[in-house]
S.K.: 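Handing you a structure now.
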2 protein chains.
Amino acid sequence: MAFTIGELGKATGTKVETIRYYERIGLLAKPERTSGNYRSYGKAELGRLSFIRRARDLGFPLHQVRALLSLSDDRTRDCATVDALARDHLAEVERKIVDLTALRSELSALLDSCEGGTVGDCRIIEALAPPATSGETL
Amino acid sequence: MAFTIGELGKATGTKVETIRYYERIGLLAKPERTSGNYRSYGKAELGRLSFIRRARDLGFPLHQVRALLSLSDDRTRDCATVDALARDHLAEVERKIVDLTALRSELSALLDSCEGGTVGDCRIIEALAPPATSGETL
DNA sequence: CTTGACCCTGTAGTTCCTACAGGGTGCATA
DNA sequence: TATGCACCCTGTAGGAACTACAGGGTCAAG
């Protein structure tokens with residue numbers, strides 16, 4: 001029910017130093033301490049750190065992670081504020097899903113051609129290719 | 001048909017300094033120069049830089065971006081090498097799609113509850129919550 | 001009671017940009 | 001022709017987000 005920093009790190013795939021860093025910058029609250037001055041964490045911190053790490057893995061910078069966390073931290077916000085914040089992030093999430101889906105297609109196609117024994121043309125760059133500035137004929 | 005570094009930056013949403021940085025670390029080849037010593041780029045560089053930026057936005061570190069680019073750069077690789085590399089990245093891409101989809105659901109739910117006029121409980125942390133270590137009962 | 005795995009605080013290094021400083025290019029326009 | 005102004009050049013230094021020690025304390029096992 002209570003973990004050490006090392007256990008929390010293992011459970012979330014985070015280096016111990018990184019957890020202390022997040023505490024230092026205020027992304028994680030200062031945890032309880034044991035009699036021997038060891039940090040002691042519960043399941044709430046496990047969830048929060050897990051969220052942070054996965055959001056980071058998805059390319060969100062820490063200031064955006066902080067904003068996302070504030071959606072659940074700050075129960076005093078009014079609807080309009082929450083709405084605007086969530087809407088922006090939703091748009092970004094959807095954009096990323098589109099890009100990842102294109103990348104997945106291209107990696108799949110590459111694997112399929114490999115299965116046939118030949119390397120085949122790699123169009124992986126085209127998968128995430130030029131910005132969708134409508135109307136260009138490059 | 002040929003762009004300056006500033007145009008390339010605008011087209012890909014990249015700062016000029018970042019493009020020069022990518023050149024310095026060998027992620028982009030040294031481009032042609034004009035008579036006035038300006039860098040001159042073509043559409044190949046536009047595609048490549050676009051790919052790099054979007055892969056970065058999706059959370060891939062530069063060494064992985066380099067590996068992905070090598071799939072299309074290195075025409076001498078054998079199938080087994082390409083296969084292993086592509087397979088690893090495909091797994092990671094799929095994992096990210098799962099996470100982003102969960103995050104999208106949670107943000108949508110939050111927006112829906114807002115639309116109803118109430119802030120509603122935010123389960124955004126749960127969306128990307130603890131690692132899927134099967135069998136835990138926290 | 002000591003040994004090894006873990007924890008503590010600090011600080012310095014790495015990655016990936018980002019922002020000047022100090023100077024040159026190139027095109028419009030007065 | 002000159003004189004802006006926006007853009008380019010090569011540095012180098014700063015910032016964000018970690019990551020890796022150094023030097024020392026804690027604790028369960030043997």
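Order of the sequence lines sets the chain letters (A, B, ...), proteins ahead of strands, with each chain counted from 1. Just so you know, these numbers come straight off a predicted model, no measurement behind them.
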S.K.: Could you check whether any side-chain heavy atom of Val93(A) comes within less than 4.5 Å of a side-chain heavy atom of Leu58(A), counting everything from C-beta outward?
M.R.: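 They are not in contact (no side-chain heavy atoms under 4.5 Å apart), so the answer is no.
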
S.K.: Excluding sequence neighbours, so at least two apart, what forms side chain to side chain donor-acceptor pair (under 3.5 Å) with Arg104(B)?
M.R.: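 None.
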
S.K.: Write out all pairs satisfying salt bridge (charged side-chain N to carboxylate O under 4.0 Å, His left out) with one or both partners inside residues 80-101 of chain A, taking only residues at least two apart or from two chains.
M.R.: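 Salt bridge (charged side-chain N to carboxylate O under 4.0 Å, His left out) check on residues 80-101 of chain A returns Asp83(A)-Arg87(A), Glu92(A)-Arg95(A), Arg95(A)-Asp57(B), Lys96(A)-Asp57(B), Asp99(A)-Arg54(B).
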
S.K.: Give, ordered by number, those residues of residues 29-40 of chain B having at least one heavy-atom distance below 4.0 Å to an atom of DNA chain D; if nothing qualifies, reply none.
M.R.: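 Those residues are Arg33(B), Asn37(B), Tyr38(B), Arg39(B).
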
S.K.: Which whole-number value in Å describes the distance from Ile19(B) CD1 to dC16(C) P?
M.R.: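 These atoms are roughly 17 Å apart.
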
S.K.: Using heavy-atom distances to pick each residue's nearest nucleotide on DNA chain D, tell me which of Lys10(B) and Tyr22(A) is more 5'.
M.R.: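 Checking each residue's closest nucleotide, the 5'-ward one belongs to Lys10(B).
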
S.K.: In terms of the nearest nucleotide of DNA chain D, which residue is placed more toward the 5' end: Thr4(B) or His63(A)?
M.R.: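 Upstream on the strand: Thr4(B).
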
S.K.: With sequence neighbours excluded, tell me which residues meet side chain to side chain donor-acceptor pair (under 3.5 Å) with Tyr22(A).
M.R.: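 Side chain to side chain donor-acceptor pair (under 3.5 Å) check on Tyr22(A) returns Arg53(A).
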
S.K.: Sequence neighbours left out, what pairs pass side chain to side chain donor-acceptor pair (under 3.5 Å) with at least one residue falling in residues 1-10 of chain A?
M.R.: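 Side chain to side chain donor-acceptor pair (under 3.5 Å) check on residues 1-10 of chain A returns no pairs.
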
S.K.: When you list every nucleotide of DNA chain D with an atom under 4.0 Å from a heavy atom of chain A, which one comes first 5' to 3', and which comes last?
M.R.: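 Endpoints of the contacted stretch of DNA chain D: dA17(D) to dC27(D).
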
S.K.: For Pro61(A), is there any backbone N or O sitting under 3.5 Å from a side-chain donor or acceptor partner on Gln64(A)?
M.R.: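 Checking the backbone N and O of Pro61(A) against the side chain of Gln64(A), no donor-acceptor pair under 3.5 Å is found.
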
S.K.: Tell me what Ile25(B) touches on the nucleic acid: a base, only sugar-phosphate, or nothing, going by heavy atoms under 4.0 Å.
M.R.: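 Nothing, no heavy atom under 4.0 Å.
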
S.K.: Going by the salt bridge (charged side-chain N to carboxylate O under 4.0 Å, His left out) test, which pairs reach into residues 12-25 of chain A, not counting sequence neighbours?
M.R.: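 Matches after skipping sequence neighbours: Glu23(A)-Arg39(A).
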
S.K.: Among all residues two or more places apart in sequence or in another chain, which pass the side chain to side chain contact (heavy atoms under 4.5 Å, CB included) test with Ala67(B)?
M.R.: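 So Ala67(B) forms a side chain to side chain contact (heavy atoms under 4.5 Å, CB included) with Leu85(B), His89(B).
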
S.K.: State which residues pass side chain to side chain donor-acceptor pair (under 3.5 Å) with Thr14(A); sequence neighbours excluded, sorted by chain then number.
M.R.: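 With neighbours one apart ignored, the set is Thr12(A).
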
S.K.: Could you tell me which residues satisfy side chain to side chain contact (heavy atoms under 4.5 Å, CB included) with Ser40(A), sequence neighbours excluded, listed by chain and number?
M.R.: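 Side chain to side chain contact (heavy atoms under 4.5 Å, CB included) check on Ser40(A) returns Ala2(A), Glu32(A), Thr34(A).
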
S.K.: Please report the distance, rounded to the nearest Å, between CZ in Arg53(B) and C1' in dC17(C).
M.R.: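 Atom CZ in Arg53(B) sits about 8 Å away from atom C1' in dC17(C).
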
S.K.: Respond yes when some side-chain nitrogen or oxygen of Arg20(B) is under 4.0 Å from OP1 or OP2 of dA19(C), and no when none is.
M.R.: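 Looking at the OP1 and OP2 atoms of dA19(C), neither is under 4.0 Å from any side-chain N or O of Arg20(B).
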
S.K.: What residues, two or more places apart in sequence or in another chain, satisfy salt bridge (charged side-chain N to carboxylate O under 4.0 Å, His left out) together with Arg56(A)?
M.R.: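 Per chain and number, Arg56(A) pairs via salt bridge (charged side-chain N to carboxylate O under 4.0 Å, His left out) with no residue.
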
S.K.: Check the interface with nucleotides 11-15 of chain C: list each N/O to N/O pair with the protein under 3.5 Å, or write none.
M.R.:
none

S.K.: With nearest nucleotides of DNA chain C determined for Glu7(A) and Arg56(B) from heavy-atom distances, which residue corresponds to the more 5′ nucleotide?
M.R.: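 It is Glu7(A) whose nearest nucleotide is closer to the 5' end.
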
